[in-house]
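What follows is a single structure, written as structure tokens, with notes after it.
Numbers here are sequence positions counted from 1.
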Amino acid sequence: MTTDTTGTAARDGEPRRGGPADSPFVRACRREPGPHTPVWFMRQAGRSLPEYREIRANVPMLESCRRPELVTEITLQPVRRHGVDAAILFSDIVVPVAAAGIDLDIVPGTGPVVAEPVRTAADVERINPIGRDDVSYVDEAVRLLVAELGDTPLIGFAGAPFTLASYLVEGGPSRTHAKTKALMYGDPELWNALCARLAEVTLAFLRVQVDAGVSAVQLFDSWAGALSEADYRRYVLPHSAHVLDGLAGAGVPRIHFGVGTAELLGAMGEAGADVVGVDWRTPLDIATRRIGPDKAVQGNLDPAVLLAPWPVVEAAVRRILDEGRAAPGHVFNLGHGVLPETDPEVLTRVVALVHELSARPAA
């Protein structure tokens, strides 16, 4: 018996029915009909869950990402509690950058902080290539999870070159990305060298996850919305496309997501993903027109709506499902991550509601 890259067991090269590759989530990503609209939540494994806060107590973020058994438990928590249609690997977008030799830490309440920002050609040279041995803990965690999840697909992920570059150039989170843009505009050659190197690190990191058995991957370009479409196309799209194109033959759906990207949706669709994530600012029917008819969409409930009374949440879920019908495939999600103050019970109710409202008769 062998296992393909989507986790579906096969004999003599023939995939069997069922398994992650035949799940509602993967089917929606591939624009195929399924029994219901699948749902999962960005940051579903995180601070909104009391069991997560308990297990993470006194364990620094980067260290927690490097403990396969801890990663496995945290990743499974929302699947057990909410009944979501997919798990997403518990990790952080800077994990491969740290593995590539950059001295950084994830500071509580702040985010990634880089000891020596990357702003020169010599700094770029400090970013080393990575392979499976450099992130063996990720490989092990994915394999443990695939065994535990059974038919539930596991999503792997990584940060896109622009977002990673922003952290490295700024030295940490930034509201204006001023230093990043100054380098991008002022020294395009150095900028492209930095992003090209980060694209290779990102691609290698995702390949490790695919080889270990994830059923899909998501490329997060969290800060791409800080750019105009022209700048995105010139300075960012080629590098994101390199990552996504590098996984074209991997046999898993590719999701591409950013925040504040309403004007970039068409360009992001061109980068090579199968699914484009949409934040809460753009209705999914409008987003579909911008992205085109050959991509599924993912989203896009405003995370803050989950803090409102249930009738408000229910109305918003119904609206998003209605708007999502304009797309050839729809994965229900939030327009960004779960807020820490969210009541987990509301997430569980949203999953049940999405399944109920979108249920389709068996063929």
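Of all non-hydrogen atoms in L339 and T342, the two that sit nearest each other are O-OG1, 2.8 Å. Nearest heavy atom pair, residue A212 against residue V142, reads CB-CG1, 3.4 Å. Between P153 and V26, the closest heavy-atom pair is CB-CG2, 4.2 Å. What you find for D85 and T37 is that their closest heavy atoms are OD2-O, 4.2 Å. Between I93 and A158, the shortest heavy-atom contact is CG2-C, 4.2 Å. When all heavy atoms are compared, the tightest approach of T75 to L154 is CG2-CD1, 4.0 Å.
Residues F90 and C65 meet the side-chain proximity criterion, which asks for heavy atoms closer than 4.5 Å. Side-chain contact check for L334 versus L306: some heavy-atom pair is nearer than 4.5 Å. In this structure, E140 and E69 have side chains that are not in contact, with every pair of non-hydrogen atoms separated by 4.5 Å or more. Side-chain contact check for V351 versus F41: some heavy-atom pair is nearer than 4.5 Å. Residues T261 and M268 meet the side-chain proximity criterion, which asks for heavy atoms closer than 4.5 Å. At least one side-chain heavy atom of P303 sits under 4.5 Å from a side-chain heavy atom of W280. Residues Y235 and L227 are not in side-chain contact: their nearest non-hydrogen atoms beyond the backbone lie 4.5 Å or more apart. Between V338 and M42 the shortest side-chain heavy-atom distance does not fall below 4.5 Å.
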Side chain to side chain contact (heavy atoms under 4.5 Å, CB included) between I127 and L168, worked out: CA-CA 10 Å; I127 304 171; L168 295 186; 4.0 Å; yes
Derivation and outcome, side chain to side chain contact (heavy atoms under 4.5 Å, CB included), residues V39 and H355: CA-CA 8 Å; V39 53; H355 288 171; 3.7 Å; yes
Side chain to side chain contact (heavy atoms under 4.5 Å, CB included) between S91 and F205, intermediate numbers included: CA-CA 12 Å; S91 188; F205 188 57; 4.3 Å; yes
Verdict with supporting geometry, V297 and I291, side chain to side chain contact (heavy atoms under 4.5 Å, CB included): CA-CA 9 Å; V297 297; I291 296 164; 3.9 Å; yes
Step-by-step salt bridge (charged side-chain N to carboxylate O under 4.0 Å, His left out) determination, E323 to R319: CA-CA 6 Å; E323 293 166 352; R319 172 181 57 80; 3.3 Å; yes
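In this structure, the separation between CG on D285 and NE2 on H330 is 11.0 Å, given to the nearest 0.5 Å. To the nearest 0.5 angstrom, S215 atom OG is 11.5 Å from D22 atom CG. Note that CG of D231 and CZ of R233 are 12.0 Å apart. Values are rounded to the nearest 0.5 Å. Expressed to the nearest 0.5 Å, how far CG of L144 lies from CD of E73 amounts to 12.0 Å. The structure places CG of D92 at 6.5 Å from CZ of F157, a figure rounded to the nearest 0.5 Å. To the nearest 0.5 Å, atom CD of residue Q209 and atom CZ of residue R207 are 13.0 Å apart.
Under the 3.5 Å distance criterion, with hydrogens and angles disregarded, no donor-acceptor pair is assigned to the side chains of H336 and N300. For the residue pair E200 and H242, a side-chain donor N or O sits within less than 3.5 Å of a side-chain acceptor on the partner. Side-chain contact, S166 with H177: a donor N or O sits under 3.5 Å from an acceptor N or O. Between the side chains of Q44 and Q77, no donor N or O sits under 3.5 Å from an acceptor N or O. In this structure, a donor-acceptor pair under 3.5 Å is absent between the side chains of R43 and S48. Side-chain contact of H82 with T348: a donor-acceptor pair under 3.5 Å is present, judged by distance alone. A side-chain N or O of T120 and one of D123 form a donor-acceptor pair less than 3.5 Å apart.
Other residues, nucleotides and ligands contribute only 12 or fewer heavy atoms inside 6.0 Å of the CZ atom of R47. Counting non-hydrogen atoms of other residues, nucleotides and ligands closer than 6.0 Å to CD of E345 gives a total above 12. Open room surrounds CD on E189; 12 or fewer heavy atoms of other groups in view lie less than 6.0 Å from it.
Ion pair E51/R80 not flagged as a salt bridge, since none of the NZ, NE, NH1 or NH2 atoms sits closer than 4.0 Å to an Asp/Glu carboxylate oxygen. Classification of E125 and R197 as a salt-bridged pair holds, one side-chain N sitting under 4.0 Å from a carboxylate O. Salt bridge present: R318 and E314 bring a charged side-chain N and a carboxylate O closer than 4.0 Å. Contact check on D139 versus R143 returns a salt bridge, with a Lys/Arg side-chain nitrogen under 4.0 Å from an Asp/Glu carboxylate oxygen.
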Scan the side chains in residues 98-115 for donor-acceptor partners under 3.5 Å anywhere in the protein, sequence neighbours excluded, and list what turns up.
none

Determine all donor-acceptor pairs shorter than 3.5 Å in which one atom belongs to a side chain in residues 246-257; sequence neighbours excluded.
from, atom 1, to, atom 2, distance (Å)
R254, NE, D274, OD2, 3.1
R254, NH1, L244, O, 2.9
R254, NH1, G272, O, 3.1
R254, NH2, G272, O, 3.2
R254, NH2, D274, OD1, 3.2
H256, ND1, L219, O, 3.2

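At distances below 3.5 Å, not a single donor-acceptor pair connects side-chain atoms of R66 with backbone N or O atoms of Y137. With hydrogens and angles ignored, the 3.5 Å screen pairs a side-chain donor or acceptor of R360 with a backbone N or O of G34. Remark: side-chain polar atoms of N192 are paired, donor with acceptor, to backbone N or O of P188 under 3.5 angstrom. In terms of modelled atom types and a separation under 3.5 Å, the side chain of R56 and the main chain of V59 share a donor-acceptor contact. With hydrogens and angles ignored, the 3.5 Å screen pairs no side-chain donor or acceptor of R27 with any backbone N or O of E32. Not one N or O on the side chain of D151 forms a donor-acceptor pair closer than 3.5 Å with the backbone of P20. Proximity of a side-chain donor or acceptor of K179 to a complementary backbone N or O of S174 within less than 3.5 Å is not detected. Remark: the backbone N or O of E116 is paired with a side-chain donor or acceptor of R126 at under 3.5 angstrom. Between the side chain of T202 and the main chain of L198, a donor-acceptor pair closer than 3.5 Å is present. Listed for the D221 side chain is a donor-acceptor partner under 3.5 Å among the backbone atoms of T163.
Between E170 and the choices L183, T180, T176, the side chain to side chain contact (heavy atoms under 4.5 Å, CB included) rule is met once, by T180.
Cluster membership check: W310 does not share its hydrophobic cluster with L307, using side-chain heavy-atom separations under 4.5 Å among Ile, Leu, Val, Met, Phe, Trp and Tyr. Cluster annotation: L301 and I286 are assigned to distinct hydrophobic clusters (Ile/Leu/Val/Met/Phe/Trp/Tyr, side-chain heavy-atom contacts under 4.5 Å, transitive).
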